[in-house]
Peer 1: 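This is the structure, below, for whatever I ask next.
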Amino acid sequence: MATPVHVLRLPKGPDPNSRGFDPTSPRFIALCRPSISSTASELDAEELQREQHARSVLRETFLRCLLSMAHKKVQFNMYEKMKVEATFGASDIDMLNFQVSDLHTPIGVQKEALIRCHDVISYTFDL
């Protein structure tokens, strides 16, 4: 059974080699406004911990989804009501592109291609 999977975009780190995010950057403030203020009390610290756990579970689930997609036929729903099908290969580390093979589009088949993640609304594949 195919289940649509929405693409979750996380902000980029403060520099290309970083593993963390700069909470003072304009991009972070615009995209990841925390639901709990940084001047939180001890009660809010528990809420922050629950939120961080939920985010880590979502991230792990998404990464496991990418692993299970490898070498499988995937249907991508894109903007302008475009639907394409391809064999999923990999994703780059920044989640900007998907590498696919045998991309079936309305105008033909492309042997190898990159699909920009920003153009993808959702994707489905059979488990």
Side-chain angles (χ1 to χ4, degrees):
M1 179 166 94
T3 305
V5 178
H6 297 281
V7 177
L8 174 68
R9 292 182 182 85
L10 297 174
K12 290 186 179 183
D15 60 73
N17 300 323
S18 169
R19 296 211 180 264
F21 301 110
D22 180 12
T24 61
S25 73
R27 182 181 171 98
F28 182 88
I29 292 168
L31 295 177
C32 285
R33 193 170 300 139
S35 58
I36 300 171
S37 69
S38 59
T39 59
S41 67
E42 199 169 301
L43 178 62
D44 289 338
E46 292 175 14
E47 178 84 19
L48 180 61
Q49 188 174 7
R50 282 195 298 272
E51 181 179 324
Q52 288 177 339
H53 177 72
R55 287 177 185 255
S56 68
V57 168
L58 286 171
R59 179 71 175 168
E60 181 181 354
T61 303
F62 179 69
L63 293 174
R64 288 184 188 278
C65 177
L66 286 178
L67 281 173
S68 64
M69 284 173 36
H71 309 294
K72 292 187 179 173
K73 285 284 186 190
V74 179
Q75 296 80 35
F76 293 94
N77 296 312
M78 306 175 82
Y79 288 103
E80 302 295 328
K81 299 181 182 178
M82 179 69 57
K83 294 185 181 191
V84 296
E85 183 176 284
T87 302
F88 184 82
S91 169
D92 60 2
I93 195 165
D94 293 329
M95 286 301 305
L96 296 175
N97 300 298
F98 290 138
Q99 183 274 322
V100 297
S101 303
D102 300 322
L103 177 65
H104 295 269
T105 69
I107 60 171
V109 177
Q110 190 72 27
K111 182 78 173 145
E112 297 289 330
L114 288 177
I115 296 177
R116 296 184 315 177
C117 290
H118 295 306
D119 294 337
V120 176
I121 297 171
S122 66
Y123 55 85
T124 58
F125 64 98
D126 294 325
L127 295 174

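Because only heavy atoms are used, hydrogens play no part in the values below, and waters and symmetry mates are left out as well, while side chains stay in.
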Peer 1: Is any side-chain heavy atom of Ser56 closer than 4.5 Å to a side-chain heavy atom of Arg59?
Peer 2: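 With C-beta onward as the side chain, the pair stays apart.
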Peer 1: What closest approach, in Å, do Cys65 and Ser68 show between heavy atoms, and which atom pair accounts for it?
Peer 2: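 Nearest pair, atom of Cys65 first, then Ser68: O-OG, 2.9 Å.
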Peer 1: Less than 4.5 Å apart, side chain to side chain, heavy atoms only: is that true for His118 and Leu96?
Peer 2: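 Of all side-chain heavy-atom pairs linking Leu96 with His118, at least one is under 4.5 Å.
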Peer 1: Apply the side chain to side chain contact (heavy atoms under 4.5 Å, CB included) test between Met78 and each candidate in Lys81, Glu80, Met82; give the one that qualifies.
Peer 2: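 Among Lys81, Glu80, Met82, the one meeting side chain to side chain contact (heavy atoms under 4.5 Å, CB included) with Met78 is Met82.
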Peer 1: Roughly how far, to the nearest 0.5 Å, is NE2 of His71 from OG1 of Thr87?
Peer 2: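 Between atom OG1 of Thr87 and atom NE2 of His71 there are 10.0 Å.
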Peer 1: For Phe88 and Phe125, I'd like to know if the aromatic rings sit close, meaning centre-to-centre distance below 6.0 Å.
Peer 2: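 Between Phe88 and Phe125, the centre distance exceeds or equals 6.0 Å.
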Peer 1: Fit a plane to each ring of Phe98 and Tyr123, take the angle between them on a 0 to 90° scale, and name the class: parallel (under 30°), tilted (30 to 60°) or perpendicular (over 60°).
Peer 2: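 Answer is perpendicular, since the angle exceeds 60°.
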Peer 1: Can you tell me how far apart CG (Leu114) and OG (Ser91) are? Round to the nearest 0.5 Å.
Peer 2: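 If we round to the nearest 0.5 Å, Leu114:CG and Ser91:OG are 10.0 Å apart.
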Peer 1: How many angstroms lie between atom CZ of Phe76 and atom CG of Asp119, to the nearest 0.5 angstrom?
Peer 2: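 Answer rounded to 0.5 Å: 11.5 Å.
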Peer 1: Can you tell me how far apart CG (Leu58) and NE2 (His53) are? Round to the nearest 0.5 Å.
Peer 2: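 Rounded to the nearest 0.5 Å, the CG-NE2 separation comes to 9.5 Å.
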Peer 1: Let's go through Val120 and Asn77 carefully: what are the C-alpha distance in whole Å and the side-chain angles of both, what is the deciding distance for side chain to side chain contact (heavy atoms under 4.5 Å, CB included) to 0.1 Å, and is it a yes or a no?
Peer 2: CA-CA 6 Å; Val120 176; Asn77 296 312; over 6 Å; no
Peer 1: If Ile, Leu, Val, Met, Phe, Trp and Tyr residues are connected whenever their side-chain heavy atoms lie under 4.5 Å apart, and connections chain through other members, are Leu66 and Leu127 in the same group?
Peer 2: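 Yes; tracing contacts between hydrophobic side chains, which count when under 4.5 Å, links both residues.
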Peer 1: List the steps and the verdict of side chain to side chain contact (heavy atoms under 4.5 Å, CB included) for Glu46 and Arg50.
Peer 2: CA-CA 6 Å; Glu46 292 175 14; Arg50 282 195 298 272; 4.1 Å; yes
Peer 1: Within a strict 4.5 Å, meaning less than it, do heavy atoms of the His104 and Val84 side chains meet?
Peer 2: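 Contact flag for His104/Val84 side chains = no.
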Peer 1: State, with a plain yes or no, whether a side-chain heavy atom of Glu112 is found less than 4.5 Å away from one of Val100.
Peer 2: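 Answer no - side chains too far apart.
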Peer 1: Are more than 12 heavy atoms from other residues, nucleotides or ligands located less than 6.0 Å from atom NZ of Lys83?
Peer 2: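 No, NZ of Lys83 has 12 or fewer neighbouring heavy atoms, counting only those of other groups under 6.0 Å.
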Peer 1: Are any side-chain N or O atoms of Asp92 and backbone N or O atoms of Asn97, one a donor and one an acceptor, separated by less than 3.5 Å?
Peer 2: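 Looks like yes, one N/O pair under 3.5 Å.
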Peer 1: Nearest 0.5 Å, please: how far is CD1 in Ile115 from CD in Gln99?
Peer 2: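 The CD1 atom of Ile115 is 9.5 Å from CD of Gln99, to the nearest 0.5 Å.
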